[in-house]
Each structure stands twice: as C-alpha cells, then as structure tokens.
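Below, each value reflects all heavy atoms present in this structure, side chains not excepted, and no hydrogens, waters or symmetry copies. Note on naming: letters A, B, ... go to the chains in the order of the sequence lines (proteins, then strands), and numbering restarts at 1 for each one.
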2 protein chains.
Amino acid sequence: MKVLSKASAYGLRALLYIVAHKKHGDYVSIREMSEELNISFHFLTKILQSLTQQGLLESYRGPNGGITLKRPPNEIFLIDVVKILDGEDFFDTCLLSLPGCGEAEPCPVHDFWKVTKAALKNEFASTSLTELGTKISENRLRLTDD
Amino acid sequence: MKVLSKASAYGLRALLYIVAHKKHGDYVSIREMSEELNISFHFLTKILQSLTQQGLLESYRGPNGGITLKRPPNEIFLIDVVKILDGEDFFDTCLLSLPGCGEAEPCPVHDFWKVTKAALKNEFASTSLTELGTKISENRLRLTDD
DNA sequence: TTATTTTGAGACAAATTCGTCTTAAATAAT
DNA sequence: ATTATTTAAGACGAATTTGTCTCAAAATAA
Ligand code: SF4
Ligand code: SF4
C-alpha cells in the first residue's frame, strides 16, 4: 500500500529541509537541496515547480535565486502539499473498488474506511511543516539517505 | 491514494462472485466470471492463478473445470487475498517516507500512522468473504459495472 | 553587452503496473 | 485417437509513474 507518491515524499522532504535549515524568506537553491537530499535535480525542480505554480512557494531566477515558502511554515500543512502533488482527490479513495456501491449501498468495510479516511485527512490537515520540522532541526531526525 | 491494486480488487470481486452466486465446492469457470464482472479474461486468469498457487483456491482443467475455494468463505479473509496479490508487506508501509527515521526516531505522524495501519490490518484480518458476500447475494450490492 | 547562474518547460527514457495474446498442458466427451 | 474445453505459463504491449536531458527565459555580475 503506497500512500504518498515519490513526488509528494520528495517535495515534502525539500520543504522540511528549508524549514529545518533555512531562515524563513531565504531563497534556497534547488540544486543545493537536490544534492543534500540525494534527489534528482531535474525531478525535484519539476516537483517544486508545481508547488510554485499552485502558490505554495515563490521562485526567483538567476544567481542567488531559488525558492522560498510563500507562507510561514506553521501555515503550511501536509494536506496542502499532498493535494497539489497527489491530486485533490487524494482522500476520496474507496477501499474495495466494488462497482455500483457507495454511501447508499455500502460494503461491510465502507464505514470503517470512511472513518479511517477522515482521521487521515484530519491528521494531514492539522500537521504543519513546523511540527514536522522541529524534530528535524533538533537533529532527532535526518532528511538525507546516506 | 490507491489502497488496493487492480489485481487485488479484481481478485476479490471474483471471489465474492463465487460466494454470492455459487455453491461452495462448485468449480466456477474463469471465463464466466470475466464476462459477468467485465474483467479481462487473461488478466483475471493470472490473478486467480496466484491465488491458486498460494493455496487459496483449487483449480481443475478441462470441460466443466474452473476454480473453487479451498476453504469455506468464512475462513477466507480480506487479508489473505491482499497479502497474496499485493505482497506480504502490504501493511508495513511508512507514511512520509523520510529516510533514517522509524520507531526509534519517529516523525510527528508516525504514531498516528502506526495506529491507523493496525486498525486497517485488523479490519482486513477480521472481514471474511462471507461478511462481504452476504450483502451482495441479498442484492443490496452489485459486482458488475454496467 | 556578454557570460554565468538559476528556474521554467517540455521532450524523452526507464521502471512499474496493467492488460493482451499466443501456446502449452490437462481433462473430458465423442 | 481426436477434438473441444479449460487452466497454466510466459511473452508482449499499453499506460502510468518516475527519472533524465536539453534548451529557453530570467536575473545577476563583470
Ligand atoms: S462500499 Fe465504499 S468502501 Fe466498499 S467498495 Fe463501495 S465505495 Fe468502496
Ligand atoms: S517516522 Fe514512521 S511514518 Fe514517519 S517517515 Fe519515518 S517510518 Fe514513516
């Protein structure tokens, strides 16, 4: 069961890198992040481009350019990132994919899944980059692979 | 967020078709199921082959052959199907895919995800084909698309 | 202006999942 | 025996996700 796409996982790691290692407002180069986090530069660029286009980041070209968070990290939530990179319907999934069922004629796991989905969505909606990032800057969590 | 692979979803639908429409012990032809459920015959064949190889089904070749459940439906659980078709590690997934973390140095959503995963696993382990099938044979749920 | 650095955009390639097709093997009926 | 029916096995193709590469556009610095 894969929850997040690579795009979401990488995008998130990049944002957390910024929160943990940079001052809010600084422009951070994608190259630097791709090297620190061992993520393909071009792939990461595309991912962050999406986040920029959707207004989560701001970008600046040229020397000393890069990207920066458009909102303070405590106002950016997991759900914002995931919705952009994995789609608005990320939390709309059905568990068993039976045809012709749904709210009106639910299968035996429907209600369970409904509750689980709601909890997941709530968790994502209430966990901000700040919460995720604190532990990392405290060095209790790493972002790099090696 | 895709939970089940197509293989699991299709395999499950086939099993439920058997439970809902056939007597236990009958050999059901894959061709029939593929047509009733609008699933590619060859694809379904491969899926059910896996279930046969793993001992969940028994197959019989030749005219009036087909497959049949090797155990009564109330002894076959969601988790059995999913583990075969989506892998033993289906419930072992991490939520954020951060490198270098885990039980010892968990990210802020780790514990939440641990509980959620356990609940999901428990639900899958306690929901049998019988429970899923009852509603279907009562015609409160359909298996076909159209 | 010219060269350098950086993101933007899109074509392309590799890997995975999903689906199709062909041929073989087993069984049954004639 | 021969033919028809059915699953078994695996090659092959299509679609999606993931990752790479090239070139353009914007900004800076010399
Ligand atoms: S009843 Fe709900 S969970 Fe079950 S198969 Fe239908 S949509 Fe999915
Ligand atoms: S702490 Fe747990 S949930 Fe969070 S990224 Fe690590 S393994 Fe995944």
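At least one side-chain nitrogen or oxygen of B/K2 sits closer than 4.0 Å to the OP1 or OP2 atom of C/dC18. At C/dC18, none of the side-chain N or O atoms of B/S40 fall inside 4.0 Å of OP1 or OP2 (strictly under the cut-off). The phosphate of C/dA9 has OP1 or OP2 within less than 4.0 Å of a side-chain N or O from A/Q53.
For the helix from C/dT1-D/dA30 to C/dT30-D/dA1, the rotation axes defined at the first and last 5 base pairs enclose an angle of 20°, given to the nearest 10°.
Nearest nucleotide to the side chain of B/T45, out of C/dT5, C/dG8, D/dA8: D/dA8. Checked against D/dA9, C/dG8, C/dA25, the side chain of B/R61 finds its nearest nucleotide in C/dA25. Side-chain proximity of B/P63 to C/dA28, C/dA11, C/dC21: nearest is C/dA28. Checked against D/dA8, D/dT20, C/dG8, the side chain of A/F43 finds its nearest nucleotide in D/dT20. Listed nucleotides: D/dT18, C/dC18, D/dA8. Nearest to the side chain of B/K6: C/dC18. Of the candidate nucleotides C/dC18, D/dT22, C/dG8, D/dT22 has the atom nearest to the side chain of A/H42.
Residues A/H110 and A/E103 bring a donor and an acceptor atom of their side chains to less than 3.5 Å of each other.
If you take CZ of A/F41 and C1' of D/dC21, they are 12 Å apart, rounded to a whole angstrom. If you take CG of B/L48 and P of C/dG19, they are 14 Å apart, rounded to a whole angstrom. Separating the CG atom of A/L51 from the P atom of C/dA9 is a distance of 14 Å, rounded to the nearest angstrom. Between the CD atom of A/Q49 and the P atom of D/dA25 there is a distance of 14 Å, rounded to whole Å. The OH atom of A/Y60 sits 21 Å away from the P atom of C/dT4 (whole-angstrom rounding). Look at NZ on A/K70: it is 15 Å from C1' on C/dT7, rounded to the nearest Å. When the C1' atom of C/dC18 is taken as reference, atom CG of B/N38 falls 17 Å away, rounded to whole Å. A/L57 has its CG atom 18 Å from the P atom of C/dT6, to the nearest Å.
Taking 4.5 Å as the limit, some side-chain heavy atom of A/T93 sits within range of a side-chain heavy atom of A/K117. You'll find the side chain of A/K121 stays beyond 4.5 Å of the side chain of A/F90, heavy atoms only. Inter-residue side-chain proximity for B/V81 and B/F124 is flagged as unmet; no heavy-atom pair is nearer than 4.5 Å. Contact of the A/N64 side chain with the A/Y27 side chain is not registered, since no non-hydrogen atoms from C-beta on lie closer than 4.5 Å. Counting heavy atoms from C-beta outward, B/E123 and A/L95 have side chains that stay 4.5 Å or more apart.
Taking a 6.0 Å sphere around CG of A/D26, one finds it holds more than 12 heavy atoms contributed by other residues, nucleotides or ligands.
When each of B/D86, B/D89, B/L4, B/L120 is tested with A/M1 by the rule side-chain contact (heavy atoms from CB on, under 4.5 Å), just one qualifies, namely B/L120.
Of all heavy-atom pairs spanning B/R71 and B/D80, the tightest one is NH2-OD2, 3.3 Å.
Applying the 3.5 Å distance criterion, the base of D/dG10 shares no donor-acceptor pair with the side chain of B/K46.
Not one N or O on the side chain of B/S8 forms a donor-acceptor pair closer than 3.5 Å with the backbone of B/S5.
Along DNA chain D, the nucleotide closest to A/N64 and the one closest to A/L44 are compared, and the more 5′ of them pairs with A/L44.
Within residues 27-34 of chain B, the residues approaching DNA chain D are B/V28, B/S29, B/I30, by heavy-atom distance under 4.0 Å.
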